[in-house]
Asks: 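Quick one: this structure, given as structure tokens, is what I'll be asking you about.
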Amino acid sequence: MAVAAKFREIGRKIVCVGRNYGAHAAELGNPIPEKPILFLKPTSSYLSEGKSIKIPKGCSSLHHEVELGVVIERTGSNIPETAVPDYIGGYVLALDMTARDFQDEAKKKGQPWTLAKGFDTSCPVSSFIPKDKVPNPQNIQLWLKVNGATKQDGNTKDMIFSIPTLVAYISQFFTLEPGDVILTGTPSGVGPTNPGDTIQCGLSDVVTMQFTVSK
Ligand SMILES: CC(=O)CC(=O)C(=O)O
Ligand SMILES: [Mg+2]
């Protein structure tokens, strides 16, 4: 089956990278990481366009985080950085929707971010973008608007850890499989969304997507 169809199959991993843009780490008062910070989202968190992002029960601060997702097309572990391009099938535009109040509480208590990051609808994604549509994934604009107002406007050139570094690092710990998606972190400008809001975002002019937020 083509990687485009596989990336949302049950059982494929969503590996997320945190604090991969210095300005975003700074805006939340976090230090610049010395090595990639990783967490996982379950595949039940995927959401396609046309469906609503649902604020999880008890959350009072649901933040948007626009991110570039890398879609893996070959099984690999301990992948050398130089070989990473051979393992990438394409890309997706993604939102790492985050219950920031849950995350702040988890951080204070030294608990995992699973609830804050992995609830149903926390991973809205675009359709699959074949890799030839993104000739330089390390220099492309990521933007996001809430109700027409620009909130995030970043560029993947500002990643702390590049895509080859991330994929090589992750593959030392997790075997990467066709259809796995790696969310590469968000640029600065994250902020709250409320019921009734419309989120529009894009990867330059290669792909755009739109979601509404509901209770
Ligand atoms: C502070 C965070 O939620 C980390 C994260 O997901 C990111 O993209 O950075
Ligand atoms: Mg994120």
Side-chain angles (χ1 to χ4, degrees), residues 7 13-47 53 55-56 58-71 91-126 137-138 140-146 151-163 165-167 169-170 173-174 180-193 199-203 209 211 213:
F7 93 89
K13 294 183 288 303
I14 309 171
V15 185
C16 307
V17 179
R19 299 180 198 154
N20 199 26
Y21 289 79
H24 169 58
E27 73 183 345
L28 294 186
N30 292 310
I32 302 290
E34 284 166 15
K35 52 188 178 182
I37 297 173
L38 304 182
F39 58 93
L40 295 168
K41 282 179 186 275
T43 49
S44 49
S45 66
Y46 274 134
L47 186 73
I53 298 167
I55 300 178
C59 170
S60 59
S61 181
L62 179 65
H63 275 204
H64 54 77
E65 295 189 2
V66 68
E67 307 199 5
L68 175 65
V70 173
V71 183
Y91 302 93
V92 284
L93 179 66
L95 289 171
D96 171 17
M97 296 304 296
T98 302
R100 195 69 73 200
D101 48 345
F102 293 3
Q103 188 188 36
D104 288 344
E105 188 183 337
K107 276 157 75 179
K108 266 188 228 141
K109 294 181 176 167
Q111 292 174 350
W113 295 357
T114 311
L115 265 192
K117 294 284 197 178
F119 56 89
D120 286 354
T121 77
S122 64
C123 193
V125 279
S126 70
Q138 217 60 77
I140 192 160
Q141 186 203 17
L142 280 169
W143 59 268
L144 179 142
K145 297 178 183 184
V146 178
K151 302 290 181 183
Q152 294 190 266
D153 187 8
N155 189 297
T156 57
K157 69 177 163 41
D158 294 321
M159 284 183 193
I160 296 168
F161 303 105
S162 69
I163 293 166
T165 301
L166 290 173
V167 174
Y169 179 79
I170 292 166
F173 303 97
F174 302 135
D180 285 352
V181 171
I182 298 171
L183 300 194
T184 54
T186 195
S188 61
V190 302
T193 56
I199 299 175
Q200 290 171 301
C201 53
L203 182 65
M209 60 182 191
F211 288 89
V213 179

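When a ligand or atom number is given, it counts from 1 through the structure's own listing order.
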Asks: Below 4.0 Å from ligand 1: does a non-hydrogen atom of His63 turn up there or not?
Replies: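 Checking ligand 1 against His63, which is what was asked, there is no heavy-atom contact under 4.0 Å.
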Asks: Do me a favour and list the nearest non-hydrogen protein atom to atom 5 (C) of ligand 1 with residue, atom name and distance?
Replies: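 Result for atom 5 (C) of ligand 1: Glu65 OE1, 3.3 Å.
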Asks: Under 3.5 Å, N or O to N or O, is Asn20 touching ligand 1 that way?
Replies: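 For ligand 1, there is no N or O atom that lies under 3.5 Å from one belonging to Asn20.
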Asks: Specify the protein heavy atom at minimum distance from atom 1 (C) of ligand 1: its residue, its atom name, and the distance to 0.1 Å.
Replies: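 Closest protein heavy atom to atom 1 (C) of ligand 1: Gln103 NE2, 3.6 Å.
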Asks: Looking at ligand 1, does any of its N/O atoms fall within less than 3.5 Å of an N/O of His24?
Replies: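 His24 vs ligand 1: N/O contact under 3.5 Å present.
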Asks: Check ligand 1 against Gly18 and write out every atom of the ligand that is under 4.0 Å from a heavy-atom position of the residue.
Replies: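 Numbered from 1, ligand 1 contributes 4 (C), 5 (C), 7 (C), 9 (O).
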Asks: Quick one: angle Asp96 OD2 - the Mg ion (ligand 2) - Glu65 OE1, to the nearest 10°?
Replies: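 The OD2/OE1 angle about the Mg ion (ligand 2) sits at 90°.
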Asks: I need the minimum non-hydrogen distance between Val17 and Thr184, along with the two atoms involved.
Replies: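 Nearest heavy atoms, Val17 then Thr184: CB-C, 4.1 Å.
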Asks: Before giving the answer on side chain to side chain contact (heavy atoms under 4.5 Å, CB included), spell out for Phe211 and Leu95 the whole-Å C-alpha distance, their side-chain angles and the decisive distance to 0.1 Å.
Replies: CA-CA 10 Å; Phe211 288 89; Leu95 289 171; 4.3 Å; yes
Asks: Is the closest heavy-atom distance from Val17 to ligand 1 below 4.0 Å?
Replies: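 Checking ligand 1 against Val17, which is what was asked, there is a heavy-atom contact under 4.0 Å.
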Asks: Please report which non-hydrogen protein atom sits nearest to atom 3 (O) of ligand 1, along with the residue it belongs to and the distance in Å to one decimal place.
Replies: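 Ranked first by proximity to atom 3 (O) of ligand 1 is Lys117 NZ, 2.7 Å.
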Asks: By atom name, which N, O or S atom belonging to Glu67 lies closest to the Mg ion (ligand 2)?
Replies: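 Relative to the Mg ion (ligand 2), the closest nitrogen, oxygen or sulfur of Glu67 carries the name OE2.
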Asks: So is Trp113 polar-close to ligand 1, meaning N/O to N/O under 3.5 Å?
Replies: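 Such a contact does not occur with ligand 1.
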Asks: To the nearest 0.5 Å, what is the distance between OH (Tyr169) and CZ (Phe174)?
Replies: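 Tyr169 OH to Phe174 CZ: 9.5 Å, rounded to 0.5 Å.
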Asks: Is there a side-chain contact between Asn30 and Lys107 in this structure, where contact means two heavy atoms from C-beta onward sitting under 4.5 Å apart?
Replies: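 Yes, their side chains come closer than 4.5 Å.
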Asks: Any sub-3.5 Å donor-acceptor pair from Glu65's side-chain atoms to Gly185's backbone N or O?
Replies: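 Judged by distance alone, no pair lies under 3.5 Å.
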Asks: Closer than 3.5 angstrom, by distance alone: can the side chain of Gln141 be matched with the main-chain N or O of Asp153 as a donor-acceptor pair?
Replies: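 Answer holds: no.
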Asks: Measuring from non-hydrogen atoms of Cys16 to any atom of ligand 1, is the shortest distance under 4.0 Å?
Replies: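 Contact check Cys16 vs ligand 1: negative.
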Asks: What atoms of ligand 1 come within less than 4.0 Å of a heavy atom belonging to Glu67?
Replies: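 Here the atoms of ligand 1 in question are 8 (O).
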Asks: Looking only at heavy atoms, what is the nearest atom pair of Thr121 and Met97, with distance?
Replies: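 In this case the closest contact between Thr121 and Met97 is O-CG, 4.3 Å.
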Asks: With a cutoff of 4.0 Å, is Phe39 in contact with ligand 1, counting heavy atoms of the residue only?
Replies: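 Right, Phe39 reaches ligand 1.
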Asks: Name the residue from Val15, Leu166, Asp96 that meets the side-chain contact (heavy atoms from CB on, under 4.5 Å) definition with Leu183.
Replies: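 For Leu183, the side-chain contact (heavy atoms from CB on, under 4.5 Å) test succeeds with only one of Val15, Leu166, Asp96, which is Asp96.
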Asks: Check this for me - ligand 1, Asp96, N or O atoms closer than 3.5 angstrom, yes or no?
Replies: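 Looking only at distances, the answer is yes, because the N/O contact criterion of under 3.5 Å is met.
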Asks: Among all protein heavy atoms, pick out the one at the shortest distance from atom 9 (O) of ligand 1; state its residue, atom name and that distance to 0.1 Å.
Replies: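 Here the nearest protein heavy atom works out to Arg19 N, 2.7 Å.
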Asks: Please check if atom NZ in Lys13 has more than 12 non-hydrogen atoms from other residues, nucleotides or ligands closer than 6.0 Å.
Replies: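 Count over threshold, so yes.
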Asks: If you take all heavy atoms of Ser122 and Ser45, which pair is closest and at what distance?
Replies: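 Looking at all heavy atoms of both residues, the shortest contact is OG-CB, 3.2 Å.
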Asks: Identify the two heavy atoms, one from Ile140 and one from Leu203, that lie closest to each other, and give their separation to 0.1 Å.
Replies: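 Smallest heavy-atom distance, with atoms named: CG2-CD1, 3.7 Å.
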Asks: At a non-hydrogen distance cut-off of under 4.0 Å, which region of Glu27 contacts ligand 1 (side chain, backbone, both, or neither)?
Replies: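 Glu27 to ligand 1: no contact under 4.0 Å from either part.
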Asks: Which of the atoms of ligand 1 are close to Gly185, meaning less than 4.0 Å from one of its heavy atoms?
Replies: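 Counting atoms of ligand 1 from 1, those under 4.0 Å from Gly185 are 8 (O).
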Asks: Would you mind running through ligand 1 and noting each atom that sits below 4.0 Å from a heavy atom of Arg100?
Replies: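 Atoms satisfying the 4.0 Å criterion: 1 (C), 2 (C), 3 (O).
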Asks: Output, in order, the C-alpha distance, side-chain angles, deciding distance and verdict of side chain to side chain contact (heavy atoms under 4.5 Å, CB included) for His24 and Gln152.
Replies: CA-CA 10 Å; His24 169 58; Gln152 294 190 266; over 6 Å; no
